[in-house]
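Below you'll find the structure, written out as structure tokens, and then a few comments.
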Amino acid sequence: QVRLVESGGGLVQPGGSLRLSCVASGISSRVFIMGWYRQAPGKQRELVAAITSDSNTNYAESVKGRFTISRDNVKNTVYLQMNSLKPEDTAVYLCRARRPLGDDYWGQGTQVSVSS
């Protein structure tokens, strides 16, 4: 079946960087809108960044200028480059693949912790 597997999370100091990866299987991710969401304890899941099949992007205001979403359709992989990380970026980051009138899939998430 469809699987979205995230990796690249970890513990980083404020100001540091991480790159998250989401590898899709069971689908051709190039035909999906791909997104990164995050969920912190006690908070609702929120959109961090999304990228369409024609590479249009959308970012949460809180991460603009710091995060970059990209996709490699050959590798069926979506990335989130995170720079200048802040403690408030701490959350579980989840990958999503969706189509407006079709399927909607989620990965299990990868933990990002920003702390000194």
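Just the heavy atoms: all of them, side chains too, but no hydrogens, waters or symmetry mates, feed the values below. Keep in mind the model is a prediction, meaning the values are calculated, not measured.
We find that Asp103 and Arg98 are not joined by a salt bridge, their nearest charged nitrogen and carboxylate oxygen being 4.0 Å or further apart. Between Arg99 and Asp104 there is no salt bridge, since none of the side-chain N atoms of the basic residue sits less than 4.0 Å from a carboxylate O of the acidic one.
Note that OG1 of Thr57 is 11.5 Å distant from CZ of Arg71, once rounded to the nearest 0.5 Å. Rounding to the nearest 0.5 Å gives a distance of 7.0 Å between CG of Asp89 and OG of Ser62. In this structure, CD1 on Ile27 lies 10.0 Å from CD on Gln1, to the nearest 0.5 angstrom. Atom CG in Leu20 sits 12.0 Å away from atom OH in Tyr79 (nearest 0.5 Å). Between Arg96 atom CZ and Phe32 atom CZ the span is 11.5 Å, to the nearest 0.5 Å. The distance from the CG atom of Asn56 to the CD1 atom of Ile69 is 12.0 Å, given to the nearest 0.5 Å.
Residues that satisfy the ring pair (Phe, Tyr, Trp, His ring centres under 6.0 Å) test with Tyr37, not counting sequence neighbours, are Trp106.
Under a 3.5 Å cut-off, the side chain of Thr110 and the backbone N or O of Gly9 do form a donor-acceptor pair.
Residues Ala91 and Gln39 come closest through the heavy atom pair CB-O, 3.6 Å. In terms of heavy-atom proximity, Gln111 sits nearest to Thr90 at NE2-CG2, 4.0 Å. Considering every non-hydrogen atom in both Cys95 and Met34, the closest pair reads SG-CE, 3.9 Å. When all heavy atoms are compared, the tightest approach of Cys22 to Leu4 is SG-CB, 4.0 Å. The shortest heavy-atom contact between Leu85 and Met82 is CD2-CB, 3.8 Å. Across all their heavy atoms, Gln108 and Val92 have their closest contact at O-CG1, 4.5 Å.
When side chains are defined from C-beta on, Arg38 does not count as touching Leu80, because their heavy atoms never get closer than 4.5 Å. When side chains are defined from C-beta on, Val112 counts as touching Val114, because their heavy atoms get closer than 4.5 Å.
Remark: Glu88 CD is packed, more than 12 non-hydrogen atoms of other residues, nucleotides or ligands lying under 6.0 Å away.
Listed by first and then second residue, the side chain to side chain donor-acceptor pair (under 3.5 Å) pairs that reach into residues 20-36 are Ser29-Asn76, sequence neighbours excluded.
Of the residues Ile51, Val48, Leu47, Thr68, the one that meets the side-chain contact (heavy atoms from CB on, under 4.5 Å) test with Tyr59 is Thr68.
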